[in-house]
Amino acid sequence: VQLQASGGGLVQAGGSLRLSCAASGGTFSNYGMAWFQQAAGLEREFVAGISRSGDKYYTDSVKGRFTISRDNAKNTVYLQMNILKPEDTAVYFCAANAISNAYYSVNYYRRDDYDYWGQGTQVTVSS
């Protein structure tokens with residue numbers, strides 16, 4: 001599976017961005033999908049995930065501000081980012097795995113459980 005992320009950019013605090021991740025080379029509906037962020041000098045961390053069945057998971061810092069969704073007809077996962085803060089500044093990566101829904105519901109945040117990664121898109125939030 002190949003993943004292509006897009007939609008990053010420079011935005012002022014309080015603004016919005018929508019990231020997209022287009023998948024190819026596999027059966028998209030068979031994959032759990034997620035977004036991770038990596039700020040400069042830090043490890044890659046889970047932001048949001050969506051299972052094959054559409055269950056959604058978020059890290060606490062983005063709950064109420066970010067929304068993950070998927071369109072299986074378009075082989076694409078989205079991350080709508082609202083009320084952006086300077087601390088959201090990072091490179092955002094989309095990722096995919098083929099684990100079961102039951103396993104995903106417990107391990108959605110585990111970076112090592114994702115088999116495929118996109119190239120990353122930079123999000124910069126100015127204060």
Side-chain angles (χ1 to χ4, degrees):
V1 175
Q2 292 78 48
L3 303 175
Q4 180 72 37
S6 62
L10 173 63
V11 64
Q12 288 188 331
S16 299
L17 283 173
R18 188 175 82 154
L19 306 184
S20 300
C21 176
S24 60
T27 303
F28 182 72
S29 59
N30 287 344
Y31 292 93
M33 303 296 297
W35 290 94
F36 286 75
Q37 66 178 191
Q38 187 167 17
L42 300 179
E43 292 189 352
R44 198 170 298 186
E45 298 181 334
F46 173 82
V47 176
I50 185 166
S51 71
R52 292 185 289 179
S53 59
D55 297 318
K56 301 177 183 181
Y57 306 90
Y58 299 95
T59 192
D60 286 346
S61 63
V62 308
K63 286 180 180 177
R65 298 191 298 123
F66 291 9
T67 302
I68 189 170
S69 61
R70 65 188 298 159
D71 186 335
N72 289 342
K74 295 183 178 180
N75 293 347
T76 302
V77 62
Y78 303 97
L79 185 67
Q80 179 65 44
M81 310 165 70
N82 297 329
I83 318 175
L84 281 160
K85 303 176 180 180
E87 51 263 43
D88 296 321
T89 295
V91 178
Y92 284 74
F93 297 87
C94 59
N97 65 35
I99 59 178
S100 68
N101 281 332
Y103 186 88
Y104 190 90
S105 67
V106 178
N107 298 286
Y108 54 86
Y109 61 94
R110 291 172 54 89
R111 186 178 57 205
D112 291 346
D113 279 341
Y114 287 85
D115 305 304
Y116 306 100
W117 292 85
Q119 85 288 2
T121 184
Q122 176 71 46
V123 172
T124 303
V125 184
S126 63
S127 57

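Because the structure is predicted, anything quoted here is derived from the model rather than measured.
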Going by atom type alone, with no hydrogens or angles, which donor-acceptor pairs under 3.5 Å involve a side-chain atom of residues 20-32 and a protein atom two or more places apart or on another chain?
none

Throw together a table of side-chain donor-acceptor distances under 3.5 angstrom for residues 119-127, partners on residues two or more places apart or in other chains.
unit_1, atom_1, unit_2, atom_2, d
Gln119, OE1, Ala5, N, 3.2
Gln119, NE2, Ala5, O, 2.8
Thr121, OG1, Gly8, N, 3.0
Gln122, NE2, Ala90, O, 3.4
Gln122, NE2, Thr124, OG1, 3.3

Donor-acceptor list for residues 40-50 side chains, cut-off 3.5 Å, not counting sequence neighbours:
unit_1, atom_1, unit_2, atom_2, d
Arg44, NE, Gln38, OE1, 3.2
Arg44, NH2, Gln38, OE1, 3.3

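When only modelled atom types and interatomic distance are considered, Asp55 and Tyr108 share no side-chain donor-acceptor pair under 3.5 Å.
In this structure, the separation between CZ on Arg110 and CD1 on Ile99 is 9.0 Å, given to the nearest 0.5 Å. Taking CG of Leu19 as the reference point, atom CH2 of Trp35 lies at 4.5 Å (rounded to 0.5 Å).
Sorted by first and then second residue, the disulfide bond (SG atoms under 2.5 Å apart) pairs involving residues 63-92 (not counting sequence neighbours) form an empty list. Listed by first and then second residue, the side-chain hydrogen bond (donor to acceptor under 3.5 Å, both in side chains) pairs that reach into residues 72-89 are Ser16-Asn82, Arg65-Asp88, Arg70-Asn72, Gln80-Asn82, sequence neighbours excluded.
Between Tyr109 and Thr59 there is no side-chain heavy-atom pair separated by less than 4.5 Å. Looking at Ser100 and Arg52, their side chains come closer than 4.5 Å, going by heavy atoms from C-beta outward. Put simply, the side chain of Leu84 reaches to within 4.5 Å of the side chain of Phe66, judged on heavy atoms.
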- Query: Taking it one step at a time, do Phe93 and Arg111 satisfy side chain to side chain contact (heavy atoms under 4.5 Å, CB included)?
  - Reply: CA-CA 11 Å; Phe93 297 87; Arg111 186 178 57 205; over 6 Å; no
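Within the 3.5 Å criterion, the main-chain N or O of Ile68 finds a donor-acceptor partner in the side chain of Tyr58. Tyr57 places no side-chain N or O within 3.5 Å of a backbone atom of Asn107 that could act as its donor or acceptor partner.
Residues meeting the salt bridge (Lys or Arg N to Asp or Glu O under 4.0 Å) test with Asp60, sequence neighbours left out: Lys63.
Of all heavy-atom pairs between Ser105 and Ala102, the closest is OG-O, 2.7 Å. Taking each heavy atom of Ala98 and Asp115 in turn, the nearest pair found is N-OD2, 3.7 Å.
Under the 4.5 Å side-chain heavy-atom criterion for ILVMFWY residues, no single connected hydrophobic cluster contains both Tyr114 and Val62. Hydrophobic clustering, with ILVMFWY side chains joined whenever heavy atoms are under 4.5 angstrom apart, keeps Val77 apart from Val91.
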